[in-house]
Number of protein chains: 2
Amino acid sequence: METADLLERCYPGRRAELKRDIFRKALGLFNEQGIEATTIEMIRAECDTSVGAIYHHFGNKEGLVAALFFTALDDQARLRDSYLADAHTAQAGVHALVHSYVDWVDSQPEWARFQYHARFAVTKGPFKDELASRNKTRNKQLLEWLGAQGNELGCFPAELIPSLIVGQADSYCRAWLSGRVKGSPKAYRDMLAEAAWRSLCTTETQ
Amino acid sequence: METADLLERCYPGRRAELKRDIFRKALGLFNEQGIEATTIEMIRAECDTSVGAIYHHFGNKEGLVAALFFTALDDQARLRDSYLADAHTAQAGVHALVHSYVDWVDSQPEWARFQYHARFAVTKGPFKDELASRNKTRNKQLLEWLGAQGNELGCFPAELIPSLIVGQADSYCRAWLSGRVKGSPKAYRDMLAEAAWRSLCTTETQ
DNA sequence: GACGGTTGCAGAATAATATTCTTTAACAGA
DNA sequence: TCTGTTAAAGAATATTATTCTGCAACCGTC
């Protein structure tokens, strides 16, 4: 359901029907079998189409992986921005970041799982520069936003702060998506947000 | 240097020379080119050996990846156990966990980088059961150890605790290994350990 | 509503890569 | 020395990714 919405929004229209279907089926296969273990032939068979069509839309296997990856990244960013728009203190910002992270993973587990597993491939491949620049601007915006709230996070190195905020949530989401733990991260969203905030408060009482 | 020691310890003797060399060169190639982008032929050329030798030692490409992965896992566990042996309070335990994690990544960056990237492949492949059982027993031991220190972490769900302890360090180590941040995690080891401990303390003053 | 150009798709042909298999040499113990 | 076991080589094969050529659907324009 959400998957359908996500794809419909990013690649709308009747003429993109096959493209969306390739996205959907490839996502499933990559997650079930692993990225290198799924062959173009498997995707072709699943979509009942031709290899030519797949290469027409995505160039090659790596391009398909990258397209899936950036689609997920964009959707995640959309939710984060919407949460941040309502936050007006540093604490509210930290909560918004953790909550948006957790909620997105909970609502799009398939995309999240893929995102984790494909990051390395994209980091090495021809889209590494795009990924790097996106990461850089995102982190910069984040730190500027936090600074603008007039808070007191100055005692931490800037490059450490993003990890302090989302590290724990990220770790738990990974564990959940790989089946090592059972409880949905959404069930712990407040605990995770408060833990992150506590870890940042060196002096004042939470 | 440390790499040589690690390999010499795990696979000692003159007759394992080629095996160690394959390990070393494959590790480098996997990290530089990515796992699927490095071919058996590249590894063969780098080691100046034959494909037969590689398949003789590791079965197939997946087996080589898994062997590298578990070697890294074992080495990491060895350091963790040595740190934990000296800790006798819950707080000291949390510090030991964060410190051992950070110090290992700092001392074996190549192995750590590979470990991050190969986890998914191993999770899907024929060694998934071994990995799963290792994870399970490790977490169980950890929680039992913490419980035995007579602490007060009962307010958190058990499955959440490991992420709360090492999540932030893990996140920063990933960022460092992929070049997104510059400062070695070792420089922040105390900050990370204290942040983790703070995040766990709901009532008492740090 | 024909027409030129563009995009979407098919599938055989090809290239790159992983894996197997057979053979030979080196070694370790009796 | 003999014997079984392990190490290594490399040609042969199987699998998989990618290319390329041709055809059909579509889209704006006259």
Side-chain angles (χ1 to χ4, degrees), chain A residues 7-8 10-30 32-69 117-118 120-122 124-127, chain B residues 7-8 10-30 32-69 117-118 120-122 124-127:
Chain A
L7 284 173
E8 274 292 347
C10 296
Y11 307 93
R14 190 183 58 77
R15 291 200 78 186
E17 226 161 345
L18 176 57
K19 190 164 184 168
R20 289 195 300 271
D21 199 43
I22 295 173
F23 264 124
R24 252 190 300 271
K25 301 289 174 54
L27 180 64
L29 284 168
F30 284 149
E32 284 163 27
Q33 318 279 333
I35 292 175
E36 38 184 348
T38 78
T39 69
I40 297 292
E41 164 60 20
M42 289 182 202
I43 300 170
R44 186 209 61 73
E46 194 78 11
C47 300
D48 196 26
T49 178
S50 64
V51 294
I54 298 173
Y55 279 86
H56 170 70
H57 282 293
F58 300 104
N60 54 25
K61 191 176 169 180
E62 201 173 20
L64 173 53
V65 169
L68 279 166
F69 181 81
H117 298 149
F120 177 56
V122 178
K124 292 297 169 185
F127 301 93
Chain B
L7 284 172
E8 274 291 348
C10 296
Y11 308 92
R14 189 181 57 77
R15 290 199 81 186
E17 227 161 343
L18 175 59
K19 189 162 184 168
R20 289 195 299 272
D21 199 44
I22 296 173
F23 264 125
R24 252 190 301 270
K25 302 288 175 53
L27 180 65
L29 284 168
F30 284 150
E32 285 163 26
Q33 318 280 331
I35 292 175
E36 39 183 346
T38 78
T39 69
I40 297 291
E41 164 60 19
M42 291 182 201
I43 300 172
R44 187 210 60 75
E46 193 80 10
C47 300
D48 196 26
T49 180
S50 64
V51 295
I54 297 173
Y55 278 86
H56 170 68
H57 283 293
F58 301 103
N60 54 27
K61 191 175 169 182
E62 202 172 21
L64 173 53
V65 169
L68 279 166
F69 181 82
H117 298 147
F120 176 57
V122 177
K124 291 297 170 186
F127 301 93

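Every chain is numbered from 1 and lettered A, B, ... according to where its sequence line falls, protein lines coming before strand lines.
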## Note on the structure
One should read off an interatomic distance between Thr49(A) OG1 and Lys19(A) NZ, to the nearest 0.5 angstrom, of 13.5 Å
## Note on the structure
Protein heavy-atom contacts under 4.0 Å, written 5' to 3' over nucleotides 17-22 of chain C as B (base), S (sugar-phosphate only) or - (none), form the string SSBB--
Without placing hydrogens or testing angles, list every side-chain donor-acceptor pair under 3.5 Å for residues 50-57 of chain A, not counting sequence neighbours.
{"residue": "Ser50(A)", "atom": "OG", "partner": "Ala53(A)", "partner atom": "N", "Å": "3.2"}

#### Entry: Set of residues satisfying side chain to side chain contact (heavy atoms under 4.5 Å, CB included) with respect to Phe30(A), sequence neighbours excluded
Ala26(A), Ile35(A), Thr38(A), Ile43(A), Lys61(A), Leu64(A), Val65(A), Leu68(A), Phe114(A)
### Message
Going 5' to 3' along DNA chain D, between which two nucleotides do contacts with chain B fall, using a heavy-atom cut-off of 4.0 Å?
### Response
dA7(D) to dA11(D)
## Note on the structure
When rounded to whole Å, the NE2 to P distance for the pair His56(B) and dC27(C) reads 14 Å
### Message
So, taking the atom named CE in Met42(A) and the one named CD in Glu46(A), what distance separates them when rounded to the nearest 0.5 Å?
### Response
10.0 Å
### Message
The criterion is side chain to side chain donor-acceptor pair (under 3.5 Å); which residues satisfy it with Glu32(B), sequence neighbours excluded?
### Response
none
### Summary
Residues at least two apart in sequence or cross-chain that pass side chain to side chain donor-acceptor pair (under 3.5 Å) with Asn60(B), listed by chain then number, are none
### Task
Take the angle between the ring planes of Phe58(B) and Phe23(B) and call it parallel below 30°, perpendicular above 60°, tilted in between.
perpendicular
### Verdict with reasoning, Lys124(A) to Gln33(B), per side-chain contact (heavy atoms from CB on, under 4.5 Å)
CA-CA 7 Å; Lys124(A) 292 297 169 185; Gln33(B) 318 280 331; over 6 Å; no
